[in-house]
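Presented below is the structure to which this report refers.
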Amino acid sequence: MSGPIVGKRRLRAELRRLRRERELTQDLVAAEMEWSLSKLIRIENGTVAISVSDLRSLLAYYRVHDPRTVDDLLALARAAKRRMWWDEFRPALSGQLVNYVGFEAEAAQVGEWSPIMFPTLLQTRRYSDATGEPESARRVEFQARRQEELFAREEPPRLQLLLDETVLRRNPIPGDDALLVDQLEHTIEVAQRPYADVRVVPLSAGYHPGWEGEFAVLDFGIDDSVLYRGRLLWEEPELVAAGRNTLESLVGRALSQEATLDLLRQVVSELK
């Protein structure tokens, strides 16, 4: 079953497709439904959720009568109104981050590049706390819950987590080697899970597109992906494709999984 964020995204895409297939303008549909034009635009843009009763009427107008199709679309509309675990954190966190986690919760694959610190999905509570603001207790709780919920899925997403070699030695609290050792050992444990592909891009890789900053690509299926960059979500195909190409370029420069594990263990040995 789709969650509220992905469900709304899939529903709005399907409603746009149905209208365009029938060669109908937004103005005409809004007039026929006796809605304001802004209401239809907000529904198609995903700004607001459509009610089940309005959706039934709209599908009837579009002459969608197949029971299975109607039921599937109604299920998406209901999913868009479901409350999820992350809703309780909305007052303390940015809307874009919460929406990203909603997408992440249903992704089939998560690809992430982290040039400054360990990826959030690898961070221990102590590391997360040390890399946030003093009043970030709520954020730390959110990140821990995020990992717990994602990894508890019956089929966790495939993880492709890439990090710069400098991250391994960048201690958020200078002198607290135990914090960094704990983080490194946790990374080693996660890296050996069957769904995880954790790799280090070595300093010897030289200049590469990853110097432009961190980002993530979430895949939901064939030709269905989003890019998270600059703390914003992007769905434009050309931007997502550029992000994917950068990710693939970084994989080509990264150490193998075994070499990455060897390097992680080496750094742990140096710190102990």
Side-chain angles (χ1 to χ4, degrees), residues 93 97 101 104 109-152 156-217 228-229 231 246-272:
L93 300 166
L97 175 58
V101 171
E104 181 185 74
Q109 177 164 310
V110 177
E112 185 173 348
W113 160 242
S114 299
I116 303 299
M117 63 181 69
F118 282 88
T120 303
L121 292 177
L122 291 177
Q123 291 179 14
T124 63
R125 279 182 177 267
R126 283 200 67 207
Y127 186 93
S128 182
D129 186 45
T131 54
E133 299 301 322
E135 65 277 10
S136 64
R138 192 65 170 155
R139 181 186 62 84
V140 174
E141 182 183 349
F142 171 77
Q143 303 292 29
R145 180 74 181 277
R146 173 181 172 183
Q147 294 179 19
E148 177 186 334
E149 295 285 343
L150 193 67
F151 298 150
R158 295 184 300 279
L159 301 180
Q160 187 168 70
L161 306 178
L162 304 170
L163 53 157
D164 190 81
E165 183 178 350
T166 57
V167 173
L168 308 186
R169 293 180 170 84
R170 185 176 292 118
N171 197 334
I173 302 181
D176 191 348
D177 290 348
L179 183 155
L180 191 54
V181 167
D182 184 45
Q183 176 60 63
L184 288 162
E185 290 180 335
H186 177 67
T187 300
I188 291 170
E189 187 276 315
V190 174
Q192 296 178 89
R193 296 178 187 177
Y195 52 80
D197 181 4
V198 179
R199 302 196 195 191
V200 169
V201 177
L203 292 173
S204 59
Y207 175 78
H208 52 72
W211 282 26
E212 296 179 10
E214 64 183 1
F215 67 94
V217 177
Y228 186 66
R229 187 165 211 158
R231 299 187 178 183
T246 299
L247 198 65
E248 291 174 354
S249 175
L250 290 168
V251 170
R253 289 172 165 82
L255 300 175
S256 67
Q257 290 176 284
E258 285 305 314
T260 291
L261 286 170
D262 288 343
L263 179 58
L264 289 166
R265 294 182 181 116
Q266 176 187 324
V267 178
V268 168
S269 178
E270 293 171 2
L271 291 171
K272 283 188 172 180

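Note: hydrogens, waters and symmetry copies are ignored here, and every other heavy atom, side chains too, is used. Everything numeric here is computed off the predicted structure, so don't read it as measured data.
- For the pair Pro202 and Arg253, the tightest heavy-atom approach, listed with the atom from each and the gap, is CD-O, 3.4 Å.
- Within the structure, salt bridge (Lys or Arg N to Asp or Glu O under 4.0 Å) contacts touching residues 192-211 (residues at least two apart or in different chains) are Glu189-Arg193, Asp197-Arg199.
- Side chain of Tyr127 to main chain of Phe118: a donor-acceptor pair is present (N/O by atom type, distance under 3.5 Å, no hydrogens or angles).
- The side-chain hydrogen bond (donor to acceptor under 3.5 Å, both in side chains) search around Glu212 returns none, not counting sequence neighbours.
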Show me the donor-acceptor pairs within less than 3.5 Å that the side chains of residues 258-272 make with the rest of the protein, sequence neighbours left out.
residue : atom : partner : partner atom : Å
Thr260  : OG1  : Val200  : N            : 3.1
Thr260  : OG1  : Ser256  : O            : 2.9
Gln266  : NE2  : Glu270  : OE2          : 3.1
Glu270  : OE1  : Arg169  : NH2          : 3.4
Lys272  : NZ   : Glu185  : OE2          : 2.8

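- Looking at Gln147, its side chain does come within 3.5 Å of a backbone N or O of Gln123 through a donor-acceptor pair.
- Looking only at distances, no side-chain donor or acceptor of Glu104 sits under 3.5 Å from a matching main-chain atom of Arg146.
- Formation of a donor-acceptor pair under 3.5 Å by the Trp113 side chain with backbone atoms of Gly210 is found in this model.
- Judged as a salt bridge (Lys or Arg N to Asp or Glu O under 4.0 Å), the pairs with a partner in residues 116-126 (not counting sequence neighbours) are, in order, Arg126-Asp176.
- Counting heavy atoms from C-beta on, the side chains of Leu93 and Arg139 come closer than 4.5 Å.
- Shown here are the side-chain contact (heavy atoms from CB on, under 4.5 Å) partners of Pro156, two or more places apart in sequence or in another chain: Tyr195.
- The structure places OG1 of Thr124 at 7.0 Å from NE2 of His186, a figure rounded to the nearest 0.5 Å.
- By the 4.5 Å heavy-atom criterion applied to side chains, Leu163 and Val201 are not counted as neighbours.
- With sequence neighbours excluded, no residue forms a side-chain hydrogen bond (donor to acceptor under 3.5 Å, both in side chains) with Gln192.
- The shortest side-chain heavy-atom distance between Leu159 and Gln109 does not fall under the 4.5 Å cut-off.
- Residues satisfying the side-chain hydrogen bond (donor to acceptor under 3.5 Å, both in side chains) test with Thr166, not counting sequence neighbours, are Asp164, Arg170.
- Using a 4.5 Å cut-off on side-chain heavy atoms (C-beta onward), Leu247 and Gln160 make contact.
- Atom-to-atom distance recorded for Ile173:CD1 and Asp129:CG is 7.5 Å, nearest 0.5 angstrom.
- In this structure, Arg229 has no side-chain hydrogen bond (donor to acceptor under 3.5 Å, both in side chains) partners at least two apart in sequence or on a different chain.
- Two residues are said to be in side-chain contact when any heavy atoms from C-beta on lie closer than 4.5 Å; Ser114 and Leu162 fail this criterion.
- Looking at Pro119 and Leu122, their side chains come closer than 4.5 Å, going by heavy atoms from C-beta outward.
- What you find for Val167 and Met117 is that their closest heavy atoms are CG1-C, 3.4 Å.
- By the 6.0 Å contact criterion, CD on Glu214 is open, its count of non-hydrogen atoms from other residues, nucleotides or ligands being 12 or less.
- Annotation: salt bridge (Lys or Arg N to Asp or Glu O under 4.0 Å) contacts of Glu141 (sequence neighbours excluded): Arg138.
- Residue pairs meeting the ring pair (Phe, Tyr, Trp, His ring centres under 6.0 Å) criterion with at least one partner in residues 248-272, sequence neighbours excluded, are absent.
- Remark: Tyr228 engages Tyr100 in a ring-ring contact (aromatic ring centres under 6.0 Å, His included) (not counting sequence neighbours).
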